[in-house]
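Contents: one structure, followed by commentary.
The basis for the numbers below is simple: all heavy atoms, side chains too, and nothing from hydrogens, waters or symmetry mates.
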Amino acid sequence: VAPRSTRRHVFCRPRLFPPRGLCPDVVWEAVWSWVPTSSRIFDPHLVYSPSMNGTSLRSMLEICKKHSESPMIFFCYTKEGDVIGGYSPNIWVRTHGYLKANQLRRPAEDAFV
């Protein structure tokens, strides 16, 4: 019988700069573990929050446009208080239809919700 492991899992959340937002550590841990290692070298910065920028999708897309070179981690809160998180290797942009895969800066297969 193999000895029982006494090692304990420790999560190291990425360095978050003010403003931090309201995402709970348990959600950060779940989402961050799926983010590709090539994107985990970056320190995340909050670029949009409804409490700071309003709830307009158009406003969010305009703000995100300034960060078009960056991958994005996102958290959405439901009316019931649940949190949905995910990762996109390409920042969300306003389009009139679908983007072609060859127009993306990074491959889309790393995206998840």
Exercise. Does M52 share a hydrophobic cluster with M60, counting links as ILVMFWY side-chain heavy atoms below 4.5 Å and allowing steps through other members?
Worked result: no
For this session: If the plane angle is over 60° it's perpendicular, under 30° parallel, otherwise tilted; pick one for Y87 and F112.
Result: parallel
Seminar exercise, completed: What one should report as the nearest heavy-atom pair of S88 and F74 is N-CE2, 4.4 Å
Problem set entry | Flag, side chain of Y48 to backbone of G54, donor-acceptor distance under 3.5 Å | yes
For this session: Examine I84 and M72 and state if one hydrophobic cluster contains both, with Ile, Leu, Val, Met, Phe, Trp and Tyr joined whenever side-chain heavy atoms are less than 4.5 Å apart.
Result: yes
For this session: Of all the heavy-atom pairs spanning I63 and V47, show the shortest one and how long it is.
Result: CG2-O, 3.0 Å
Problem set entry | Joint hydrophobic cluster, L46 plus V83, side-chain heavy atoms closer than 4.5 Å | no
For this session: Determine the minimum heavy-atom distance between S33 and A30, stating which atoms define it.
Result: OG-O, 3.0 Å
For this session: Nearest 0.5 Å please: distance from the CD atom of E69 over to the CG atom of N90.
Result: 10.0 Å
Exercise. Just wondering, do Y77 and P50 contact through their side chains at under 4.5 Å, heavy atoms?
Worked result: no
Problem set entry | Shortest non-hydrogen contact from V31 toward G86 | CG1-O, 4.0 Å
Exercise. Side chain to side chain contact (heavy atoms under 4.5 Å, CB included) with S70: which residues, sequence neighbours excluded?
Worked result: H67
Exercise. Tell me the salt bridge (Lys or Arg N to Asp or Glu O under 4.0 Å) pairs involving residues 32-58, sequence neighbours left out?
Worked result: R15-D43
